[in-house]
Amino acid sequence: MSNRTLLAAQVRAARALLGWSQGYLAEGACVSRSTIADLEGDKREPHEASLFVIMNELATAGINFTATGVEFRDWPPPAYVPTGIRQKR
């Protein structure tokens, strides 16, 4: 499995653990939904800045990225609203 394929699976799994849709993560990370869909579909790697924001939002929400997948850092996970969504409130 390539690093990009692993990253795609990890982002999908992280969203699933958090119960977030692609749209919710996209809005929270201030990127387009197609950026998330393309990343998760292993169609293209997003720009470095976009990837940083996506990964930071997931990590701040309590996700640990491991060599083989993802897991919650703590249980229960902390309540977290992504930055882009908080700014709109």
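The figures here come from the full heavy-atom set of this structure, side chains too, leaving out hydrogens, waters and symmetry mates. Nothing here was measured: the structure is a model prediction, and the numbers come from that model. If you read the sequence from its start, that first residue is 1, and numbering goes on from there.
Under the 3.5 Å distance criterion, the side-chain polar atoms of Glu71 are left unmatched by any main-chain donor or acceptor of Thr66. Looking only at distances, a side-chain donor or acceptor of Gln10 sits under 3.5 Å from a matching main-chain atom of Gly69. A distance-only check finds no donor-acceptor pair linking the side chain of Ser50 to the backbone of Pro46 [under 3.5 Å].
Note: the hydrophobic cluster containing Val53 does not contain Ile85 (ILVMFWY, side chain heavy atoms under 4.5 Å, direct or indirect links). Under the 4.5 Å side-chain heavy-atom criterion for Ile, Leu, Val, Met, Phe, Trp and Tyr, Phe52 and Trp20 are members of distinct hydrophobic clusters.
In this structure, Thr60 and Thr83 have side chains that are not in contact, with every pair of non-hydrogen atoms separated by 4.5 Å or more. Contact annotation: the side chain of Leu51 approaches that of Leu39 to within less than 4.5 Å [non-hydrogen atoms, C-beta and beyond]. Contact check for Tyr24 versus Val81: side-chain heavy atoms found under the 4.5 Å cut-off.
Evaluation of the ring-ring contact (aromatic ring centres under 6.0 Å, His included) rule for Tyr80 yields no partner, not counting sequence neighbours.
Between Gly28 and Glu57 the shortest heavy-atom distance is O-OE2, 3.7 Å. Summarising the geometry of Gly84 relative to Cys30, their closest heavy-atom pair is CA-SG, 3.8 Å, with the distance given to 0.1 Å. What you find for Leu6 and Ala67 is that their closest heavy atoms are CD2-O, 3.5 Å. Ala13 and Val70 get closest at one heavy-atom pair: CB-CG2, 3.5 Å.
For residues 29-38, the pairs satisfying salt bridge (Lys or Arg N to Asp or Glu O under 4.0 Å) are Asp38-Arg44, with sequence neighbours left out.
We find the OG-CD distance between Ser32 and Glu27 to be 12.5 Å, quoted to the nearest 0.5 Å.
Classified by interplanar angle (parallel below 30°, tilted 30° to 60°, perpendicular above 60°), the ring pair Phe72/Trp75 is tilted.
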